[in-house]
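A note on names: the letters A, B, ... follow the listed sequences, proteins ahead of strands, and every chain is numbered from 1.
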Number of protein chains: 2
Amino acid sequence: MTTSPRILIVEDEEPLSLLLRYNLESEGYAVESAMRGDDAELMLKEHIPDLVLLDWMLPGLSGIELCRRLRQRSDTKNLPIILLTARGEEDERVRGLATGADDYVVKPFSVPELLARVGALLRRVSPNRVASSLEAGDLHLDRSSHRVRRGGRELHLGPTEFRLLEFLMERPGRVFSRAQLLDHVWSMDSEIDERTVDVHVGRLRKAINKPRERDPVRTIRGAGYSFDENFGRKA
Amino acid sequence: MTTSPRILIVEDEEPLSLLLRYNLESEGYAVESAMRGDDAELMLKEHIPDLVLLDWMLPGLSGIELCRRLRQRSDTKNLPIILLTARGEEDERVRGLATGADDYVVKPFSVPELLARVGALLRRVSPNRVASSLEAGDLHLDRSSHRVRRGGRELHLGPTEFRLLEFLMERPGRVFSRAQLLDHVWSMDSEIDERTVDVHVGRLRKAINKPRERDPVRTIRGAGYSFDENFGRKA
DNA sequence: TTCCTATGTCATCCAATTGTGATGATCTGA
DNA sequence: TCAGATCATCACAATTGGATGACATAGGAA
């Protein structure tokens with residue numbers, strides 16, 4: 001599952017961090033973690049996850065400060081953040097939310113509750129990232145069963161084509177350069193020729209389109225590819 | 001399944017307690033826990049769960065003593081109790097069962113085994129809460145008698161193949177990676193080669209499929225295996 | 001002990017998948 | 001309309017991943 005939602009844990013108490021990692025991973029999330037606020041900030045310069053679990057008190061750079069900074073960067077302005085606050089700091093919650101966190105949880109918290117909040121927030125912010133199935137027009141992609149259907153018929157996609165379609169359908173309308181697609185759909189740091197993306201897009205098209213069906217994959221010359229957000233509407 | 005069965009864990013080793021909680025919760029149970037025998041007794045005055053996992057050696061009030069007391073209270077006389085005993089205390093099992101426990105498990109135990117016992121005991125006590133048999137098409141798996149039939153004929157599966165089929169049939173359609181299967185069907189932390197899963201899937205297939213019968217086990221290249229949710233429908 | 005079953009590993013075979021280079025089609029702007 | 005830039009496809013060789021049969025071992029049953 002290359003496209004599972006990524007969560008960054010920023011927490012200096014290692015046992016808690018591990019507990020969170022363990023539980024989140026078994027929920028199917030891809031987890032990264034940092035023990036210090038400043039480390040986290042560096043990681044966020046490299047790569048932006050889908051959600052951040054942020055401890056309030058941190059060495060290096062406090063959670064609240066990091067939160068504030070993230071809200072100022074344009075690329076993390078809307079990044080979902082859940083603050084972890086210790087009991088007794090509850091009064092700070094107002095300050096926390098004012099600083100821009102989307103939610104907060106008071107330690108010690110129950111794991112299921114945290115998981116529920118994480119799920120709720122992700123669903124609110126990017127429903128497609130967590131939906132168990134994606135649909136557009138007569139195209140239907142089911143993640144849990146790894147099936148893709150168009151109309152009634154079941155389609156057979158190779159692993160790469162599946163991930164590619166999944167990625168594009170999660171973000172209909174948005175255009176991705178070949179480099180971006182290589183980063184997200186292939187593994188990071190892939191040394192693959194950009195032209196290879198063309199080939200896979202071609203394979204994907206061949207797999208999902210019958211002779212005279214409409215093609216939901218749009219080529220934007222000079223820019224990249226996208227999933228047609230109007231696919232399924234109008235004629 | 002109306003509401004999820006509640007399970008009380010009484011165990012002073014925190015890591016083990018968390019492990020149990022985690023696994024039970026992901027099986028859909030509602031979990032409460034206590035670290036001391038006397039705490040547990042207090043909790044049991046407040047609210048009676050559907051089943052208790054009780055450590056033999058406990059601070060405050062020993063497991064065996066707690067067990068005995070519970071058997072004397074009219075409202076907990078029939079409360080299902082599974083004792084957790086350490087290796088070397090096995091001889092005590094007789095005393096444990098004599099004291100009124102319904103089952104016991106020797107530490108270190110395999111998680112699937114424990115889950116199986118929990119399920120078995122709950123089924124025995126309140127059969128309606130858990131399905132005792134799984135069916136799909138002409139496949140029929142009976143948990144309590146540990147038998148599997150296809151059409152009329154009885155199939156012979158090894159223990160591992162049985163658990164594997166049971167696990168997959170419980171979640172038809174969902175795809176599981178080899179790592180997930182190792183976690184859930186084997187025991188957690190198993191240091192087993194992922195390829196071993198292939199072998200067992202192969203054995204399972206050989207056991208349940210006659211020469212030209214449809215295979216309900218789906219291989220999803222690059223992702224894992226699943227039980228075909230369409231098995232039994234259409235041609 | 002001896003036989004038998006269940007398991008985990010390997011080695012090997014086979015088929016699906018994948019990245020690339022070549023080639024032809026299209027589009028863009030001058 | 002023409003040249004260069006971009007894409008779409010194809011064929012192909014290499015690689016990967018999955019299926020299968022053989023084997024050694026561990027544990028139980030007899």
Check the phosphate of [N] against [X], side-chain N and O only, distance under 4.0 Å to OP1 or OP2. Yes or no?
X	N	answer
A:Tyr225	D:dT6	no
B:Trp186	C:dT7	no
A:Thr219	D:dT6	no

Residue list, salt bridge (charged side-chain N to carboxylate O under 4.0 Å, His left out) with [X], at least two apart or on another chain:
X	answer
A:Arg123	none
A:Asp39	none
A:Arg153	A:Glu213
A:Arg124	A:Asp102

What is the distance, to the nearest angstrom, from the [atom1] atom on [X] to the [atom2] atom on [N]?
X	N	atom1	atom2	result
A:His200	C:dT18	NE2	P	6 Å
A:Phe162	C:dA16	CZ	C1'	17 Å
A:Glu191	C:dG19	CD	P	13 Å
B:Glu194	D:dA19	CD	C1'	16 Å
A:Ile220	D:dA8	CD1	C1'	15 Å
A:Leu204	D:dC7	CG	C1'	16 Å
B:Arg218	D:dG17	CZ	P	19 Å
A:Ile192	D:dT15	CD1	P	14 Å

Quiz item: About how many Å separate CZ of B:Phe231 and CG of B:Asp138, when rounded to the nearest 0.5 Å?
Solution: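 Here the interatomic distance stands at 4.5 Å.
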Under 3.5 Å, is there a donor on one side chain and an acceptor on the other for [X] and [Y]?
X	Y	result
B:Arg174	A:Ser144	no
A:Ser133	A:Arg143	no
B:Thr196	B:Asp193	no

Please list each protein N or O that sits under 3.5 Å from an N or O in nucleotides 23-30 of chain C, with the distance.
unit_1: C:dC27; atom_1: O4'; unit_2: A:Arg221; atom_2: NH1; d: 3.2
unit_1: C:dC27; atom_1: O2; unit_2: A:Arg221; atom_2: NH2; d: 3.2

Self-check item: Shortest non-hydrogen separation from A:Leu168 to A:Ser226 and the atoms involved
Solution: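 Closest pair (atom of A:Leu168, atom of A:Ser226, distance): CD2-CA, 4.3 Å.
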Quiz item: Nearest heavy-atom pair of A:Arg214 and A:Asn230: which atoms, and what distance?
Solution: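 It is NH2-O, 3.6 Å.
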Practice problem: Would you indicate which nucleotide in C:dG19, C:dG8, D:dG17 comes nearest to any side-chain atom of A:Thr196? | Solution: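 Minimum distance to the A:Thr196 side chain belongs to C:dG19.
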Quiz item: Between C:dG19, D:dG18, C:dG8, which nucleotide gets closest to the side-chain atoms of B:Arg178?
Solution: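 Output: D:dG18.
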Restricting to ring-ring contact (aromatic ring centres under 6.0 Å, His included), what partner residues turn up for [X], sequence neighbours left out?
X	value
A:Phe176	A:Phe167
B:Phe162	B:His146
A:His140	none

Quiz item: Got a sec, which pairs hit salt bridge (charged side-chain N to carboxylate O under 4.0 Å, His left out) with one end in residues 199-211 of chain B, sequence neighbours left out?
Solution: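 Sorted result for residues 199-211 of chain B: B:Arg205-B:Asp215.
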Polar pairs (N or O, both sides) under 3.5 Å between protein and nucleotides 20-23 of chain D?
none

Quiz item: Taking five pairs at each end of the helix from C:dT1-D:dA30 to C:dA30-D:dT1, what angle separates the two helix axes (nearest 10°)?
Solution: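 Here the local axes at opposite ends form an angle of 30°.
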Protein-nucleic acid N or O pairs under 3.5 Å, nucleotides 4-6 of chain C:
unit_1: C:dA6; atom_1: OP1; unit_2: B:His156; atom_2: NE2; d: 3.0

